[in-house]
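Everything below concerns the one structure shown next.
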Amino acid sequence: MKADRIFTLILTRADTGARHLVIFGAAAMVGVVSAQVVARYMFNSSFDWADEVSRIAFVWTIFLAIPLGIRDGTHVGIELLVKRFPVRLRAMLARVTNGLAAVMMLIVFWTSIIVAMVTWSERLGVLNMTSSVFFFPVILGSLHAALHLTQMALFPSDPRTSEPRT
């Protein structure tokens, strides 16, 4: 099996899992915050855990969605100068910058593991849970993003352009 097909297979499954987790995280955020608002303003009461749960859901949602944005090419980019380059130079620059970004994401991945291990014994205020829970989506998202960026650097969808895969 070719390396490009292996990357595609792995990333397709990772994308599907990330998409489901992002949907679940967003739904959890909306549900918890809505329930908190209703409880606070209709019943003059509140859940002490709502802020932490919604913050955890927010962090998970954002960091797991980043690789999906990379895949779709929906992240902000400044192309004012690059669009004026010849097609081949643009393609080469896209491959180089994707490769460098993949290395950066691997550094974030590794550093997040270290920080998660160091903070493992710290507990969240209301929930009896490690504060490292905030680093888990960073670990997963940065590895997932690094895989997308590596695929884009090694196997561009169209070698003549810097257009992302769709």
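Quick note: residue numbers are just sequence positions, from 1. Since the structure is predicted, the reported quantities are computational estimates derived from the model, not experimental observations.
Counting non-hydrogen atoms of other residues, nucleotides and ligands closer than 6.0 Å to CZ of F85 gives a total above 12. The neighbour count for F58 CZ, taken as heavy atoms of other residues, nucleotides or ligands under 6.0 Å away, does not exceed 12.
Distance CD/E122 to CE/M129: 15.0 Å, rounded to 0.5 Å. A distance of 9.0 Å separates OG1 of T150 from CG of L11, quoted to the nearest 0.5 Å.
F136 and W60 have perpendicular rings, their planes meeting at more than 60° on a 0 to 90° scale where under 30° would count as parallel.
For the 3.5 Å distance criterion, the side chains of H148 and N98 fail to qualify, holding no donor opposite an acceptor. Using a 3.5 Å distance cut-off with no hydrogens or angles, the side chains of T8 and Q151 do pair a donor with an acceptor.
Not one N or O on the side chain of T111 forms a donor-acceptor pair closer than 3.5 Å with the backbone of V108. Looking only at distances, no side-chain donor or acceptor of Q36 sits under 3.5 Å from a matching main-chain atom of S46. Remark: the backbone N or O of I139 is not paired with any side-chain donor or acceptor of S112 at under 3.5 angstrom. Within the 3.5 Å criterion, the main-chain N or O of D51 finds a donor-acceptor partner in the side chain of S54.
In this structure the side chain of T119 never reaches within 4.5 angstrom of the side chain of T130, judged on heavy atoms. Using a 4.5 Å cut-off on side-chain heavy atoms (C-beta onward), P156 and R95 make contact. Two residues are said to be in side-chain contact when any heavy atoms from C-beta on lie closer than 4.5 Å; M152 and I70 meet this criterion. Between V37 and R40 the shortest side-chain heavy-atom distance does not fall below 4.5 Å. Side chains of F63 and L140 form no contact here, defined as non-hydrogen atoms less than 4.5 Å apart. Residues F134 and V138 fail the side-chain proximity criterion, which asks for heavy atoms closer than 4.5 Å.
Summarising the hydrophobic clusters (Ile, Leu, Val, Met, Phe, Trp, Tyr; side-chain heavy atoms under 4.5 Å, direct or chained), the residues clustered with I23 are none.
The ring pair (Phe, Tyr, Trp, His ring centres under 6.0 Å) check on F47 picks up W49, with sequence neighbours excluded.
Connection of I56 to V32 is established within a shared hydrophobic cluster, with ILVMFWY side chains joined at heavy-atom distances below 4.5 Å, either directly or through further cluster members.
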